[in-house]
Amino acid sequence: MNARRFLFRADSSTEIGSGHVMRCLSLAVALRSRGHVCHFVCRDLSGTIAEKVPAEGFELTLLPTPQNPFNPEPDQVPHAHWAGVDWQQDVSQTAAVAHAFAPDWIVLDHYGFDANWSRSVTRQGQYKHLIIDDLADRKQHADLLLDQGIARVAADYSGLVNETCQVLAGMQYSVMKPEFARLRDASLARRADAASGRLLLALGGYDPTNLTGVILQTIAGAKPAAIKHIDVVVGLLASHRVALQELCHQMPVASRLHIDTPDMPQLMLNADFAIGGAGLTAIERCVMGLPSIVIVQADNQIEQAKQLHDRNAAIRFDGSPLSQQAEFAQAIEQLCDPTIQRRLSTAAASISDGLGLERLIERIETAGTVQ
């Protein structure tokens with residue numbers, strides 16, 4: 001297979017979160033392992049994790065920080081404000097990078113843009129185009145479109161994409177680090193062993209409301225006997241990490257704070273149960289057969305949380321642990337029940353095998369290059 005060049009356009013911020021950049025990095029790492037070359041374009045927004053791109057060994061073009069608050073016109077896509085600038089300006093800046101880099105593919109993972117952005121960028125260089133989406137809420141124009149939603153089917157994009165676009169839908173194309181698939185068998189085998197009482201608490205990189213701290217306090221008050229150790233994971237930009245470190249020292253069970261850890265697959269392997277968000281990390285936990293409580297932290301996670309709950313693959317907590325600590329303590333008590341754990345683990349493991357990245361790359365390579 002000849003080496004191809006991929007230009008990624010994705011952003012992260014305190015509002016957007018880190019998931020778009022992180023799944024693009026997972027794809028880029030896998031592409032690089034097959035001899036392909038990747039370059040990232042990210043805008044310098046408040047709370048960006050763009051520094052992870054060069055840390056992973058990829059070239060990065062950091063687009064300028066917006067100078068003024070961006071208020072898109074009412075007819076723009078629902079998340080247009082996430083871009084920080086109007087789409088025409090972003091097209092101009094991204095196209096300039098594409099002209100210099102000369103990619104075969106442009107990969108877009110951004111809710112703030114639609115078919116207008118894609119047609120304008122690809123028209124200027126006649127590039128192949130992959131879009132990664134989760135919403136199916138706007139017009140798109142691409143060669144491939146990936147939506148790895150748990151209940152997503154290609155028909156959900158009927159009327160939203162161009163006729164030549166191939167839609168890759170569902171869990172079979174889940175993009176995540178290949179380490180999850182590599183550790184899957186060991187993790188599933190571990191579920192049959194006697195539990196060590198290890199809880200993984202990971203609610204994303206930012207956690208602006210310090211939900212992590214609230215949950216730790218709930219556990220400290222409830223003192224569930226089944227929890228004997230807690231691994232707490234937050235990002236480097238989490239504003240409450242100093243307070244969380246102190247709270248971990250005060251917990252009645254051994255608790256360790258992991259900041260910006262690269263070892264999430266291993267932490268999931270070591271854990272007996274987990275509490276986390278309902279986004280991509282929820283599917284990573286499924287790959288590992290890890291029983292969990294899922295908490296919705298963004299509107300685009302609502303359907304996935306419902307699907308996981310309906311399939312007995314996770315316990316969905318519908319309320320807010322911030323205001324319903326007693327109810328959340330009951331959910332934790334459920335999670336600590338060995339019978340419920342076994343049921344959750346079996347169902348979760350059936351959701352995804354973690355090999356979606358390989359299937360996606362095969363489809364990308366099969367699609368070829370623009371002549």
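By convention here, the first residue in the shown sequence is residue 1.
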> In terms of hydrophobic clustering (I, L, V, M, F, W, Y; side-chain heavy atoms under 4.5 Å; direct or indirect links), are Phe8 and Leu146 co-clustered?
Replying inline: yes

>> Cation-pi check for Phe273 against Arg198: NZ or CZ below 6.0 Å from the six-membered ring centre and within 45 degrees of the axis, yes or no?
In response: no

>> If you define the side chain from C-beta out and look only at heavy atoms, does anything of Arg138 sit under 4.5 Å from Leu160?
In response: no

>> Between Asp11 and His20, do the side chains contain a donor N or O and an acceptor N or O under 3.5 Å apart?
In response: no

> Would a 4.5 Å heavy-atom cut-off, applied to side chains only, mark Leu335 and Ile340 as touching?
Replying inline: no

> Any chance the side chains of Thr218 and Gln325 put a donor and an acceptor closer than 3.5 Å?
Replying inline: yes

> Going hydrophobic residue to hydrophobic residue with side-chain gaps under 4.5 angstrom, can you get from Val234 over to Leu236?
Replying inline: yes

>> Ignoring hydrogens and geometry beyond distance, is a side-chain donor-acceptor pair present between His129 and Thr122 at under 3.5 Å?
In response: no

>> Less than 3.5 Å apart, any donor N or O on the side chain of Tyr173 or Arg363 sitting next to an acceptor on the other?
In response: yes

> For residues Gln307 and Glu303, is any side-chain donor paired with an opposing acceptor at under 3.5 Å?
Replying inline: yes

> Below 4.5 Å, heavy atoms only, C-beta onward: do Pro64 and Arg43 meet side chain to side chain?
Replying inline: yes

>> When you compare the side chain of Ile295 with that of Leu211, does any pair of heavy atoms fall below 4.5 Å?
In response: yes

>> Measuring from atom CG of Leu199 to atom CD1 of Ile227, what distance do you get when rounded to the nearest 0.5 angstrom?
In response: 5.0 Å

> Under 4.5 Å between side-chain heavy atoms, hopping through other hydrophobics if needed: is there a path connecting Met176 to Leu357?
Replying inline: no

> With ring centroids as reference points, do Phe113 and His79 lie under 6.0 angstrom apart?
Replying inline: no

>> salt bridge (charged side-chain N to carboxylate O under 4.0 Å, His left out), that's the test. Do Asp310 and Arg316 meet it? Break it down for me.
In response: CA-CA 9 Å; Asp310 290 350; Arg316 179 185 62 182; 5.2 Å; no

>> Tell me whether the rings of Phe58 and Phe40 are parallel (<30°), tilted (30 to 60°) or perpendicular (>60°).
In response: tilted

> What is the distance from atom CD1 of Ile150 to atom SG of Cys286, rounded to the nearest 0.5 Å?
Replying inline: 6.0 Å

>> Using side-chain contact (heavy atoms from CB on, under 4.5 Å), reason through Leu108 and Ser118 one step at a time and then give a plain yes or no.
In response: CA-CA 8 Å; Leu108 174 67; Ser118 296; 3.9 Å; yes

> Where the side chain of Arg4 meets the backbone of Pro103, is there a donor-acceptor pair that is under 3.5 Å apart?
Replying inline: no

> When you look at CZ of Arg256, are more than 12 heavy atoms from neighbouring residues, nucleotides or ligands closer to it than 6.0 Å?
Replying inline: no

>> Salt bridge or not between Glu284 and Lys177? Use side-chain N to carboxylate O under 4.0 Å.
In response: no

> Looking only at side chains, do Ser13 and Thr48 share a donor and an acceptor under 3.5 Å apart?
Replying inline: no

> Between Arg184 (side chain) and Ala349 (backbone), is there a donor-acceptor pair under 3.5 Å?
Replying inline: yes

> Would you say the side-chain atoms of Asn300 and Tyr111 include a donor-acceptor pair closer than 3.5 Å?
Replying inline: yes

>> Could you measure the distance from the CG atom of Leu200 to the CE atom of Met264? Nearest 0.5 Å is fine.
In response: 5.5 Å

> So do the side chains of Val242 and Gln245 get within less than 4.5 Å of each other, counting heavy atoms only?
Replying inline: no

>> A side-chain contact here means heavy atoms from C-beta on lying under 4.5 Å apart; do Val294 and Val296 qualify?
In response: no

> Between Arg191 and Ser187, is any side-chain donor less than 3.5 angstrom from a side-chain acceptor?
Replying inline: yes

> Between Ser255 and His229, does a side chain to side chain donor-acceptor pair (under 3.5 Å) hold up when you go through it step by step?
Replying inline: CA-CA 6 Å; Ser255 302; His229 186 101; over 6 Å; no

> Rounded to the nearest 0.5 Å, what separation is found between the CG atom of Leu308 and the CD1 atom of Ile283?
Replying inline: 5.0 Å

> Is the number of heavy atoms from other residues, nucleotides or ligands within 6.0 Å of CD (Gln250) greater than 12?
Replying inline: yes

>> Before you tell me yes or no, could you show the steps for His81 and Phe70 under ring-ring contact (aromatic ring centres under 6.0 Å, His included), namely the whole-Å CA-CA distance, both residues' side-chain angles and the distance that decides it to 0.1 Å?
In response: CA-CA 6 Å; His81 63 287; Phe70 176 53; 8.4 Å; no

>> Quick check on the hydrophobic clustering: are Ile49 and Leu45 connected, directly or via other members, by side-chain heavy-atom contacts under 4.5 Å?
In response: no

>> Would Cys42 and Leu63 count as a side-chain contact (heavy atoms from CB on, under 4.5 Å) here? Give the steps.
In response: CA-CA 6 Å; Cys42 303; Leu63 299 181; over 6 Å; no

> Which is it for His36 and Phe6 under the ring-ring contact (aromatic ring centres under 6.0 Å, His included) test, yes or no, and what are the steps along the way?
Replying inline: CA-CA 8 Å; His36 304 303; Phe6 291 79; 5.5 Å; yes

> Going by distance alone, is a donor N or O of one side chain under 3.5 Å from an acceptor N or O of the other, for Thr164 and Asp143?
Replying inline: no

> Between Arg23 and Asp134, does at least one N-O distance fall below 4.0 Å, as a salt bridge requires?
Replying inline: yes

> Counting N and O atoms only, with roles assigned by atom type, does the side chain of Ser345 sit under 3.5 Å from a partner on the main chain of Gln341, one being a donor and the other an acceptor?
Replying inline: no

>> Ignoring hydrogens and geometry beyond distance, is a side-chain donor-acceptor pair present between Asn270 and Gln266 at under 3.5 Å?
In response: yes

>> Counting only heavy atoms not in Glu59 (residues, nucleotides, ligands), do more than 12 fall under 6.0 Å from its CD?
In response: no

>> Checking side-chain polar atoms at under 3.5 Å, does Tyr157 have a donor or acceptor matched by the opposite partner on Asp147?
In response: yes

>> With a 4.5 Å cut-off on side-chain heavy-atom distances among I, L, V, M, F, W and Y, is there a chain of contacts connecting Val97 to Trp117?
In response: yes

>> Within the supplied structure, the quantity of interest is the number of heavy atoms (other residues, nucleotides, ligands) at a distance under 6.0 Å from Glu333 CD; does it exceed 12?
In response: no

>> For the backbone of Gly279 and the side chain of Gln304, can you confirm whether one donor and one acceptor N or O come within less than 3.5 Å of each other?
In response: yes

>> Please check this pair: side chain of Tyr206 against backbone of Gly47, looking for a donor-acceptor N/O pair closer than 3.5 Å.
In response: yes

> Between the main-chain N or O of Met171 and the side-chain N or O of Ser174, is there a donor-acceptor pair closer than 3.5 Å?
Replying inline: yes

> Between Arg5 and Phe101, is there a donor-acceptor pair closer than 3.5 Å when you use the side chain of the first and the backbone of the second?
Replying inline: yes

>> Quick check: do Asp231 and Leu201 have side-chain heavy atoms less than 4.5 Å from each other?
In response: no

> Roughly how far, to the nearest 0.5 Å, is the CD atom of Glu362 from the CD atom of Glu358?
Replying inline: 9.0 Å

> Yes or no on side chain to side chain donor-acceptor pair (under 3.5 Å) for His258 and Asp263, after CA distance, side-chain angles and deciding distance?
Replying inline: CA-CA 9 Å; His258 304 261; Asp263 296 326; over 6 Å; no

> Is a side-chain donor or acceptor of Thr65 paired with a backbone partner of Asp44 at a separation under 3.5 angstrom?
Replying inline: yes

> Would a distance-only check, ignoring hydrogens and angles, find a side-chain to backbone donor-acceptor pair under 3.5 Å from Gln166 to Leu144?
Replying inline: no

> If you round to the nearest 0.5 Å, how far is CG of Leu168 from CD1 of Ile131?
Replying inline: 12.0 Å

> Would you say the side chain of Phe328 lies within less than 4.5 Å of the side chain of Ile293, judging by non-hydrogen atoms?
Replying inline: yes

> Taking the side chain from Asp185 and the backbone from Leu188, do they hold a donor-acceptor pair closer than 3.5 Å?
Replying inline: no

> Given the rule in the side-chain contact (heavy atoms from CB on, under 4.5 Å) test, do Leu237 and Thr14 qualify, once you have shown the distances and angles that lead to the verdict?
Replying inline: CA-CA 9 Å; Leu237 297 177; Thr14 50; over 6 Å; no

